[in-house]
Amino acid sequence: MVARVNDLSTEAKRDRLEDLAPEELAEIEAEDEEDEHDLPDLPNVDDYDEVRMRAAPNPNGPWHIGHARMPAVIGTYKERYDGSFVVRFDDTDPETKRPDLDAYDAILDDIDYLGFEPDDVIVASDRLETYYEHARDLIDAGGAYTCSCSGETFSELKNSGEACPHREKDPETIREEFEAMVDGEYDSGEMVLRVRTDIEHKNPALRDWVAFRMIDTPHPREEAAEYRCWPMLDFQSGVDDHLTGVTHIIRGIDLQDSAKRQRFVYDYFDWEYPEVIHWGHVQVDAYDVKLSTSTLKEKIEAGDLDGWDDPRAPTLKSLRRRGIRGEAVVEALIGLGTSTSNVDLSMSSIYAANRELVDDDAERYFLVRDGERFDVEGGPDAGHPPIHPDHEDRGERTIPAAGGVVLEPGDVPAAGERVWLKGYACVRRERDGASAIGADSETLVATDDDIDVVRDGDVDVVHWAPAEDNIDVQMRTPDGDVTGVAEPDFAETTVDDVVQFERVGFARVDEHGSEESVVYWTHP
RNA sequence: GCUCCGUUGGUGUAGUCCGGCCAAUCAUCUUGCCCUCUCACGGCAAGGACCAGGGUUCGAAUCCCUGACGGAGCACCA
C-alpha cells in the first residue's frame, strides 16, 4: 500500500488529497506561497508591540565593510516590521578600547551612506549615573558584591569553582565600597563589583563576572572625563537593552555567553530578556588588508594607506569614494543571512549589485592605459561613439583622430592586421618599412571595410584615445594607481559621476585638476 | 582542560523545527552561445554541494549516536 502511494506522482497525490481532505490541501499550498525574504523572519515578533533593535558600535574608527552588516540587517528588519532601531555607542573603556572622538560622527555618517537613519542615538558614557543606580539596586537585591581579589587570584578560585572571601561580605560594606568606587577612591585594579551568579556554574565563563571596574585614564569625551568607575560591556549593554526597549538583539558569536551572563542580572531585576540572534564573523575577499579597525588605523598612521577612504582600504569610506552605492553594499550583506557560521563576502556580489544600479546612468568614455601612439591616415577627422549604447537620445561623443591615436598595448594589431577603432573605422597597421623614421611613426591606415568584418569575427573592436588634446587621468584602484589618457569629452563629466571606461570598467570621477583628472575605479 | 556553537556547489543562501513534492532553491561565480562597433547591459545554456560513519524508518539534507573539521567563550576588552 505504502509503496503504491510512493509510486504516485506529485500531481496524482495532490489530486487524491484534494478528494480526501480539501481543507488540508489548502493549508499546505498556502505555506508554499509565503513570500521569500532574503533574511529569515525574526523570532516571536508577535509577542511585541514593536520590533526594536540596536546597533552598539565601539567608536574606535570609521567602519569597515563588515561593520555595515549590522545596520544593513537591522535596517532591513526595521522596514519589514515597521520597527525601529537605536544606535548606542558602547564607549565604556577609556583605556584599552579608547574611543576616537571623530568616530562617533564618522559611524553615523557611514550609516547614512548605507541608507538608514537611526531612530535614536545614545552614548553609554553619558549614562554612567544610570548604570550606578542599577548597580545599587542590584547590590540591594543581593546580586552583586565588591571584590578586591587580583584578577589572577579570582581566576584560580573561579576555575576550581570556589567563592572568594568577599562574596559573603555584609551588604552595608558592599554598598560603602561601591560608593567609594563611584567616588574614585580606588585605583585601577584595586576593587571591582561582581555579579553574584553561580560560582559552581558548569560554564566557567558565567561565574561571578565583573560588572564595574576602576580605570585611571580619563575618558576622552569631556562630558565623561571625571568618571573612574566604569561598567563592563555585559552590565552596561544588558541594562541599556532593557531601558531602551530593545526586543531583538543581533550580535556576533563572540558574545554568545553575554546573554547567559546578562540573564542573571535580568533575573534579579525581574526583566524579560530580549530575543537574541548570534551571527558569525565576516571576511571579505579581494583585500590584502585585514578587516580590522585597529590594523587600518596603524596602516594609515604609518602612511601605508592615504586615509580611511584609500581605495586599498576595505572601508565604507573607500567604497563610497569609489562610487559604490550604500544600497549595493546592503544588498550584498543581506545576502549573507544571519547564520552562526563564519562567512566570506565576495566583493563580486557587491559589484554585481552596484553594476545593476549604475549601468544605466553611466556614460561611456574611452580610457587608454599605457598608450602606444599611431598616426592615422585615410580616415575621417574624428570618431563618434555613443554616450550610452542603450540610449541613443543621449547623443554621441567626438573623438579627434587626425592628430594620431593611442591604443592599449594589448590592442595593438600586428603589422598588416586590422583592428576596429570603436566609433571610428576599421584600420590596418602598416607593415614595417612603410616609413623609415622608426617606431614613433607607425601608422594605421583606414580601410573601407564595413562593420561586417566585426560581425564576422574577423576584426576586434578596441577603444582608443586621441594622441593630442587628450586628458591625463590617474585612476586609483584597490591594487594601486594606474595612469592613462581619456578622450576630450571626458572633461564634461562632473565630480561624483560614475562613468564606464569601455572595456576597462566603471569609475567615479573624483577630481578634474588642471594637470590631470583623478578617478576611482569602481568595479569591472 | 572546561563550556557553548557550527559544517549544503568557488562564495553566500533556501530547505533542517513538523522526514516523503529535494537526483536539492536563488544569487554570485566560471565556461560556451546569442545580442552588440565594450571584456558593460540583456538573453540562452552548461558547470558545481547535503563533512564522515553508524542507527531509526517503507523513506533521511532533515531525527538519534559517534567521529572529524571549524569557530567562540572561560578578561578588571568591546
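Chain naming here is simple, since letters A, B, ... match the order of the sequence lines and numbering starts at 1 in each.
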Mind checking the [atom1] distance from [N] to [M]? Whole angstroms is fine.
{"N": "B:G6", "M": "B:G12", "atom1": "C1'", "result": "16 Å"}
{"N": "B:C35", "M": "B:G43", "atom1": "C1'", "result": "8 Å"}
{"N": "B:G32", "M": "B:G19", "atom1": "C1'", "result": "40 Å"}
{"N": "B:G53", "M": "B:G15", "atom1": "P", "result": "25 Å"}
{"N": "B:U13", "M": "B:C4", "atom1": "P", "result": "25 Å"}
{"N": "B:C63", "M": "B:U16", "atom1": "C1'", "result": "10 Å"}
{"N": "B:G47", "M": "B:U11", "atom1": "C1'", "result": "15 Å"}
{"N": "B:G48", "M": "B:G10", "atom1": "C1'", "result": "9 Å"}

Donor-acceptor pairs under 3.5 Å, side chain of residues 177-191 of chain A to any protein atom, not counting sequence neighbours: which ones?
| from | atom 1 | to | atom 2 | distance (Å) |
| --- | --- | --- | --- | --- |
| A:Glu177 | OE1 | A:Thr146 | OG1 | 2.6 |
| A:Glu177 | OE1 | A:Lys169 | NZ | 2.6 |
| A:Glu179 | OE1 | A:Arg136 | NH2 | 3.1 |
| A:Glu179 | OE2 | A:Arg136 | NE | 2.6 |
| A:Glu190 | OE1 | A:Asp187 | N | 3.0 |

Query - side chain to side chain contact (heavy atoms under 4.5 Å, CB included) partners for A:Glu396, two or more places apart - result: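 Result, side chain to side chain contact (heavy atoms under 4.5 Å, CB included) vs A:Glu396: A:His384.
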
Taking only residues two or more places apart in sequence, or in another chain, which ones meet [X] in a salt bridge (charged side-chain N to carboxylate O under 4.0 Å, His left out)?
{"X": "A:Asp254", "value": "none"}
{"X": "A:Arg98", "value": "none"}
{"X": "A:Glu502", "value": "A:Arg397, A:Lys422"}

Query raised in the report: If you look at every strand shown and take non-hydrogen atoms under 4.0 Å, does A:Ser237 touch a base, only sugar-phosphate, or nothing?
Result: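 Touches nothing.
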
For [X], which residues count as a side chain to side chain donor-acceptor pair (under 3.5 Å) partner, sequence neighbours excluded?
{"X": "A:Thr340", "value": "none"}
{"X": "A:Thr197", "value": "A:Asp208"}
{"X": "A:Thr130", "value": "none"}

Report summary line: Here RNA chain B, pairs taken as Watson-Crick or G-U under 3.5 Å and shown with ( ), [ ] when crossing and | when to another strand, reads (((((((..(((.......[.....)))((((((.......))))))...(((((..]....))))))))))))....

Between [atom2] of [N] and [atom1] of [X], the distance in whole Å:
{"X": "A:Gln256", "N": "B:C4", "atom1": "CD", "atom2": "P", "value": "11 Å"}
{"X": "A:Leu336", "N": "B:G6", "atom1": "CG", "atom2": "C1'", "value": "16 Å"}
{"X": "A:Lys202", "N": "B:C2", "atom1": "NZ", "atom2": "P", "value": "13 Å"}
{"X": "A:Glu162", "N": "B:C2", "atom1": "CD", "atom2": "P", "value": "18 Å"}

Requested in this report: Sugar-phosphate atoms are those with a prime plus P, OP1 and OP2; base atoms are the rest. Using that split, label each nucleotide of nucleotides 73-78 of chain B B, S or - for protein heavy atoms under 4.0 Å, 5' to 3'.
Outcome: BBSBBB

Report summary line: Letter by letter from the 5' end, nucleotides 28-51 of chain B scores (B base, S sugar-phosphate only, - none; protein heavy atoms under 4.0 Å) SS-------BBBBS----------

Query - Minimum side-chain heavy-atom gap A:Asp110-A:His67 below 4.5 Å - result: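 They are not in side-chain contact.
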
Query raised in the report: Can you pull the salt bridge (Lys or Arg N to Asp or Glu O under 4.0 Å) pairs that have at least one residue in residues 362-371 of chain A, sequence neighbours excluded?
Result: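 Qualifying pairs, neighbours excluded: A:Asp359-A:Arg364, A:Arg369-A:Glu408.
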
Query - A:Asp240 bridged to A:Arg54 by N-O distance under 4.0 Å - result: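 Answer for the salt bridge query: no.
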
